Colleague: 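Please find one structure pasted underneath; my questions will follow.
All heavy atoms count here, side chains included; hydrogens, waters and symmetry mates do not. Remember, predicted model here, so these are calculated numbers, not experimental data.
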Amino acid sequence: MYKTLFLCFFFTLTAHVAAAQTDDAIVISNATEQYWAQQAADGTVSFKNKMQTTYLGERMGGWVQAGTYYGGNITLDANSAGLMNAASYKNMEPRGVFFDDMKVCFYNLQIPRKGKTVSARFERTFTDARFFDLIFLSDDYLTRHKEVEITLPEGYRLLEHHLNEHIGKSQYQNKQGITVHRYTVSDLPADKKEAGMPTSLRRLPCLVVVGAFSDVQALYRWSHELSLVDCHVASLDSLIGVITQGCATGRERLQATYAWVRRNIRYVAFEAGMASHQPDTPAEVLRKRWGDCKGMSLLLRTLLQAQGLDARLTFIGTDDIPWRASDVPALASLNHAICTVVHQGDTLFLDPTTHYLPLDFVPDHLQGREAIVEQSDSCLLLTTPTLPPSASTDSLRYDISIDRQQLSIQATASWSGMLKEMVMRTYSELAAKDKAEWANRRLTTNLQRRQVERCEWAATADSTQTATWARLSGTLTDTKSLLATGNELFIDMNPGGDPICNPIDTTKRVNDAVLPFRCRIVREASLQLPQGCGVSWLPDSIAIRLPQGTLSCSFTVADGRVVFRKVADISDKRISRSDIAQWNDALRRWNDAANQQVILETKPQKAP
């Protein structure tokens, strides 16, 4: 993960350390920010930054925590918040990162009562212009008024994203005749943090500063030069011999090497200085048995190249980023590294930070993305494949027979793609004592309703690292889903359980929602009709088409069986705020249809 982009998910350039009060009791009444370039004698460019923010107790008093980040290529030059307020300085501890060398300076400020204000001021320098690439215009507090002014050197430009009716823009010439870009923020709502919302770059108004790199090739050359570390590994041939033991073909060696790195090297996000952009050496990753995405990908490339395979380090932006590096040549366009392999006519994009994806599967967040593939002094630009939603499938199938007033069920749960990755990683991280119950619940979501008599993996958890599917099978008995009255049998055929398609709470929600993956969810049940029974009533089928995909449910009769099939095909992960009510209603209708009972009727026996 690249630090400049990573930081934007936690702090804007005018970051407030604490979240805003949701009722806007405290607002930013006035704020100013200035950014301007300074050029040294050797031609290097840095950016100065001054910020001043005033907080108003608009409805009542309270505490605010105002601050900004620094460290690495950002120096903190001055800060103040009145004579009686002391600053605090702490290391950042972002969620999901093992170590980060960035720091935050902040003040705890008290607004005594309604109508009173407090202010904080910070000055910083971005000592390397390449790391000054994002300016967010929103804050954690409702902003009544803010002015942001940016003065750029020749060759630089601003790209605007998600600007709205609360943001105006203008330009003027300063005393030196240089154009100053001014953005005026008025009554901009606070950035509200909500579960399942889009990432910062996909929802917040921001400016991207472009110019430190002339084009995508310059961006690549800078990243590539940093990757030219010592790739010597002691006893490399011996290690490869162990990894590829028993492999007969190049494809098998490739697959075994990919699996070995994922099984033996732990992914750790480590953000410190240039280590945020420069990979660790393969020997050091092997010694520590952990690495970040760059270190793991470089190790994988080294092991594959030593076997004569065409493996290349690749820089890429995940779908958190709404633009391509070829359009926006800035560090904000890249946040991940993988390994690209060309083998027997196939171009494979291998992400060693995953655990259970097969060779030809591109992780959902990397599909359709521009990949910057190393090729000596110039890069090769490729677009990763976009796989159909069915490539990531969660399937639960019941084969049902009626035995002594209960349902006897042969159950099979299967996962592929991202859903396989999610399920198998969860299983591997469980304590041994919890694995059996967890597996049982994958076959039935209701252990009180259905009893699990047998449950086992179709293959060991370890062997699923290279398989397309992971499968769990078992035998269940169910006495609650069958009701006999007179000569009729009422049967609930819905296996239930859905890891993706759930209603979204709209109470006070302001953001769009994003589902975890593009995928297919399948719930199937096939009921063998008992001898002497016919179908008295079959529920109606239903198909609901949404911007996100299709929800369908069907009941059919064929070859002496009643077949239930419930499917969700999710082709678009994003649900706009205006569409959430429609999504929730569709889920309700879909589930209501699936929970309808099939009615069988015992046919009267003919007299002998």
Side-chain angles (χ1 to χ4, degrees), residues 1-2 98 220-247 249-270 272 274-316 334-344 346-355 357-363 366 371-380 382 384 465-466:
M1 182 74 78
Y2 290 84
F98 172 70
Y220 160 74
R221 285 191 293 272
W222 183 81
S223 299
H224 176 63
E225 288 172 6
L226 288 177
S227 72
L228 298 177
V229 299
D230 182 7
C231 290
H232 172 75
V233 175
S235 304
L236 181 59
D237 291 341
S238 176
L239 174 60
I240 291 174
V242 171
I243 293 173
T244 61
Q245 185 176 10
C247 297
T249 66
R251 187 84 172 192
E252 290 177 350
R253 290 192 294 272
L254 170 58
Q255 189 163 265
T257 306
Y258 187 32
W260 187 91
V261 171
R262 296 189 293 174
R263 185 168 57 246
N264 290 276
I265 306 299
R266 182 166 61 96
Y267 170 68
V268 172
F270 186 85
M274 288 308 294
S276 302
H277 300 268
Q278 185 170 50
D280 215 342
T281 67
E284 188 64 9
V285 173
L286 282 169
R287 183 190 68 82
K288 296 184 298 189
R289 294 287 168 159
W290 61 263
D292 64 4
C293 61
K294 301 179 298 298
M296 293 181 72
S297 296
L298 187 59
L299 170 62
L300 178 59
R301 186 200 73 172
T302 300
L303 295 174
L304 293 175
Q305 286 185 349
Q307 300 173 58
L309 294 167
D310 183 1
R312 309 181 187 197
L313 191 64
T314 298
F315 310 104
I316 194 168
L334 303 174
N335 65 341
H336 198 42
I338 58 175
C339 180
T340 299
V341 180
V342 180
H343 183 68
Q344 296 179 341
D346 293 331
T347 301
L348 305 170
F349 299 93
L350 307 183
D351 184 351
T353 69
T354 66
H355 282 68
L357 299 180
L359 278 176
D360 57 354
F361 190 92
V362 180
L366 298 180
I372 301 178
V373 182
E374 68 174 335
Q375 185 176 261
S376 187
D377 292 334
S378 63
C379 66
L380 181 65
L382 300 177
T384 61
Q465 283 201 312
T466 56

Colleague: Pick out which of L300, V261, L313 makes a side-chain contact (heavy atoms from CB on, under 4.5 Å) with C339.
Modeller: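 Among L300, V261, L313, the one meeting side-chain contact (heavy atoms from CB on, under 4.5 Å) with C339 is L300.
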Colleague: State which residues pass salt bridge (charged side-chain N to carboxylate O under 4.0 Å, His left out) with D360; sequence neighbours excluded, sorted by chain then number.
Modeller: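 In terms of salt bridge (charged side-chain N to carboxylate O under 4.0 Å, His left out), with neighbours along the sequence ignored, D360 is linked to no residue.
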Colleague: Rounded to the nearest 0.5 Å, how far apart are CZ of F361 and OG1 of T354?
Modeller: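 Here the rounded value is 9.5 Å.
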Colleague: Who passes salt bridge (charged side-chain N to carboxylate O under 4.0 Å, His left out) against R262, sequence neighbours left out?
Modeller: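 Expected list: none.
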Colleague: Hey, could you give me the CD1/CD distance between I243 and Q307, rounded to the nearest 0.5 Å?
Modeller: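 If I round to the nearest 0.5 Å, the distance is 7.0 Å.
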Colleague: Residues two or more places apart in sequence or in another chain: which of them pass side chain to side chain contact (heavy atoms under 4.5 Å, CB included) with A283?
Modeller: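 T281.
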Colleague: If you take all heavy atoms of Y258 and L357, which pair is closest and at what distance?
Modeller: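 Looking at all heavy atoms of both residues, the shortest contact is CE2-O, 4.0 Å.
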Colleague: For L299, which of D280, I265, L304 qualifies under side-chain contact (heavy atoms from CB on, under 4.5 Å)?
Modeller: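 Passing option: I265.
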Colleague: Quick one: side chain to side chain contact (heavy atoms under 4.5 Å, CB included) partners of S378, sequence neighbours excluded?
Modeller: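 Scan of S378 (side chain to side chain contact (heavy atoms under 4.5 Å, CB included), adjacent residues dropped) gives Q217, Q375.
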Colleague: For T340 and D310, what are the C-alpha separation, side-chain angles and deciding distance, and is it a side-chain contact (heavy atoms from CB on, under 4.5 Å)?
Modeller: CA-CA 8 Å; T340 299; D310 183 1; over 6 Å; no
Colleague: So does L366 get a backbone contact from the side chain of T384, meaning a donor-acceptor N/O pair under 3.5 Å?
Modeller: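 Flag set: sc T384 to bb L366 pair under 3.5 Å.
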Colleague: Considering the options L350, D351, L382, I338, which one meets the side-chain contact (heavy atoms from CB on, under 4.5 Å) requirement together with T314?
Modeller: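 Exactly one candidate clears the test, I338.
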Colleague: How many angstroms lie between atom OG1 of T302 and atom CG of L236, to the nearest 0.5 angstrom?
Modeller: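 One gets 8.0 Å once the value is rounded to the nearest 0.5 Å.
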Colleague: Measuring from atom OG1 of T353 to atom OH of Y267, what distance do you get when rounded to the nearest 0.5 angstrom?
Modeller: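 Atom-to-atom, T353:OG1 and Y267:OH are 6.0 Å apart.
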Colleague: In Å, rounded to the nearest 0.5 Å, how long is the span from OG of S227 to CG of L298?
Modeller: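 Going from OG on S227 over to CG on L298, the span is 6.5 Å.
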Colleague: Side chain to side chain donor-acceptor pair (under 3.5 Å): which pairs involve residues 232-247, sequence neighbours left out?
Modeller: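 Sorted pair list comes back empty.
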Colleague: Test of understanding: with ring-ring contact (aromatic ring centres under 6.0 Å, His included), list the residues that count as partners of Y220, not counting sequence neighbours.
Modeller: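 Y220 satisfies ring-ring contact (aromatic ring centres under 6.0 Å, His included) with H224 once adjacent residues are dropped.
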Colleague: Under the salt bridge (charged side-chain N to carboxylate O under 4.0 Å, His left out) test, which residues partner E284, sequence neighbours left out?
Modeller: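 In terms of salt bridge (charged side-chain N to carboxylate O under 4.0 Å, His left out), with neighbours along the sequence ignored, E284 is linked to R287.
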Colleague: Could you tell me whether a side-chain N or O of S297 sits under 3.5 Å from a main-chain N or O of A337, the two making a donor and an acceptor?
Modeller: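 Judged by distance alone, yes, a pair lies under 3.5 Å.
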Colleague: Under a 4.5 Å cut-off applied to non-hydrogen side-chain atoms, are T257 and L309 in contact?
Modeller: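 The answer is no; the side chains never approach within 4.5 Å.
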Colleague: Output, in order, the C-alpha distance, side-chain angles, deciding distance and verdict of side-chain contact (heavy atoms from CB on, under 4.5 Å) for L303 and L239.
Modeller: CA-CA 9 Å; L303 295 174; L239 174 60; 4.0 Å; yes
Colleague: The criterion is side chain to side chain contact (heavy atoms under 4.5 Å, CB included); which residues satisfy it with A259, sequence neighbours excluded?
Modeller: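 Listed in chain order: R263, Q465, T466.
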Colleague: Which residues satisfy the side chain to side chain contact (heavy atoms under 4.5 Å, CB included) test with R251, sequence neighbours excluded?
Modeller: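 So R251 forms a side chain to side chain contact (heavy atoms under 4.5 Å, CB included) with T249, H343, D346, L348, L359.
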Colleague: Using the salt bridge (charged side-chain N to carboxylate O under 4.0 Å, His left out) rule, collect all pairs that involve residues 296-308, keeping only residues at least two apart or in two chains.
Modeller: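 For residues 296-308, and leaving out neighbouring residues, the salt bridge (charged side-chain N to carboxylate O under 4.0 Å, His left out) pairs sorted by first residue read R301-E374.
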Colleague: Take T347 and V373, measure what side-chain contact (heavy atoms from CB on, under 4.5 Å) needs, and give me the verdict at the end.
Modeller: CA-CA 11 Å; T347 301; V373 182; over 6 Å; no
Colleague: R253 and C247: which non-hydrogen atoms are nearest, and at how many Å?
Modeller: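 Scanning both residues, the minimum pair turns out to be CG-CB, 3.6 Å.
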Colleague: Looking at every non-hydrogen atom in both residues, tell me the closest pair between L380 and R312 and how far apart they are.
Modeller: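 That would be CD2-NH1, 4.3 Å.
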